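Inspection log for the structure reproduced underneath, given as structure tokens.
This chain uses plain numbering: 1 for the first residue, then up along the sequence. Only a predicted model underlies this, so the values are computations on that prediction, with no experimental measurement involved.
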Amino acid sequence: EEEYISIGIHPWDITEENIPTAMAFIKKKITNSNVLYVGECGIDRCRANTTPIALQQQIFEKHIKLSEYYSKPLLIHCVRAFQEIIFLKKKYKPTQKWIIHGFNNNISIAKMLIAEEIILSFGTALLNPYSNARKVLTQISEQSFVLETDDKDITINDIYKAACEIRGTTMDEIVKITQQNFE
């Protein structure tokens, strides 16, 4: 079975020196049938001391254009830059879906993103009984989220079980919801 992947430059990995090589690699591989998403890309304010925000945004905008050109959804890493993400969504008016990876923020930010038709992806934060992710998952519509493991040593089944418990629903229902949103 083919393994599905995303392709992009994570904001933690951006350097002036690696951009040309990384972008060439992305353009070479992006048409492969197993590449479903562009990303993980985005803006991370906690990394501003190593990678300037202006450079992160410039590279993110390149990913937006790739997402649109190749008709692949955009998988976004965002730390303390939700206003910038929303601004760019309004600026580019993309036709492709945007997904915030590893969402673990408060309900007001969740509602702002959902209002812009940005999907929230929840992962291991759902396993923490005190996380914002758990609170938010109870308050959003089923069309607004997907589930993920990222690269943690947790199975997707663990995440699905947590989502069932949090939303008070069955495994079949969570599978159906996430499958529909994935498609």
Nearest heavy-atom neighbours spanning [X] and [Y]:
X	Y	answer
Pro11	Glu40	CD-O, 4.4 Å
Cys41	Leu74	SG-CD1, 3.6 Å
Cys46	Asp44	N-OD1, 2.9 Å
Ile86	Glu116	CG2-CG, 3.8 Å
Arg134	Ala125	CG-O, 4.3 Å
Asn105	Asn132	O-CB, 3.0 Å

Below 4.5 Å, heavy atoms only, C-beta onward: do [X] and [Y] meet side chain to side chain?
X	Y	answer
Asn18	Thr21	no
Ile5	Asn32	no
Val136	Phe145	no
Ile7	Tyr70	no
Tyr160	Thr178	yes
Arg47	Val79	no
Ile76	His63	no
Met112	Gln83	yes

Would you find a donor on one side and an acceptor on the other, under 3.5 Å apart, between the side chain of [X] and the backbone of [Y]?
X	Y	value
Lys29	Ile26	no
Glu3	Asn34	no
Thr149	Ile156	no
Arg45	Arg80	yes

Using side chain to side chain contact (heavy atoms under 4.5 Å, CB included), reason through Thr51 and Thr15 one step at a time and then give a plain yes or no.
CA-CA 7 Å; Thr51 307; Thr15 66; 5.9 Å; no
Evaluate the criterion side chain to side chain contact (heavy atoms under 4.5 Å, CB included) for residue pair Glu148 and Ile159; output intermediate values, then yes/no.
CA-CA 7 Å; Glu148 66 173 79; Ile159 305 298; over 6 Å; no
Determine, stepwise, if the pair Ile174 / Lys161 fulfils side chain to side chain contact (heavy atoms under 4.5 Å, CB included).
CA-CA 9 Å; Ile174 286 292; Lys161 284 179 188 174; over 6 Å; no
Nearest-0.5 Å distance, [atom1] of residue [X] to [atom2] of residue [Y]:
X	Y	atom1	atom2	result
Leu137	Leu126	CG	CG	5.5 Å
Glu173	Glu142	CD	CD	5.5 Å
Leu55	Ile43	CG	CD1	11.0 Å
Gln56	Thr50	CD	OG1	7.5 Å
Cys78	Phe60	SG	CZ	8.0 Å
Arg167	Gln139	CZ	CD	10.5 Å

State yes or no: do [X] and [Y] share one hydrophobic cluster built from I, L, V, M, F, W and Y residues joined by side-chain heavy-atom distances below 4.5 Å, directly or via other members?
X	Y	result
Ile118	Ile177	yes
Leu75	Phe182	yes
Tyr37	Tyr92	no
Val146	Ile85	no
Ile100	Ile107	yes

Taking everything shown except Asn106 itself, do over 12 heavy atoms lie less than 6.0 Å from its CG?
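Counting other residues, nucleotides and ligands, CG of Asn106 exceeds 12 neighbours.
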Quick check on Lys62: does its NZ atom have over 12 non-hydrogen neighbours (other residues, nucleotides or ligands) under 6.0 Å away?
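Count not over threshold, so no.
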Is there a side chain to side chain donor-acceptor pair (under 3.5 Å) between Ser67 and Gln96 once you walk through the steps?
CA-CA 7 Å; Ser67 167; Gln96 294 303 303; 5.2 Å; no
Kindly determine whether Trp98 and Lys89 satisfy side chain to side chain contact (heavy atoms under 4.5 Å, CB included), including the steps that lead there.
CA-CA 9 Å; Trp98 285 20; Lys89 180 102 176 0; 3.5 Å; yes
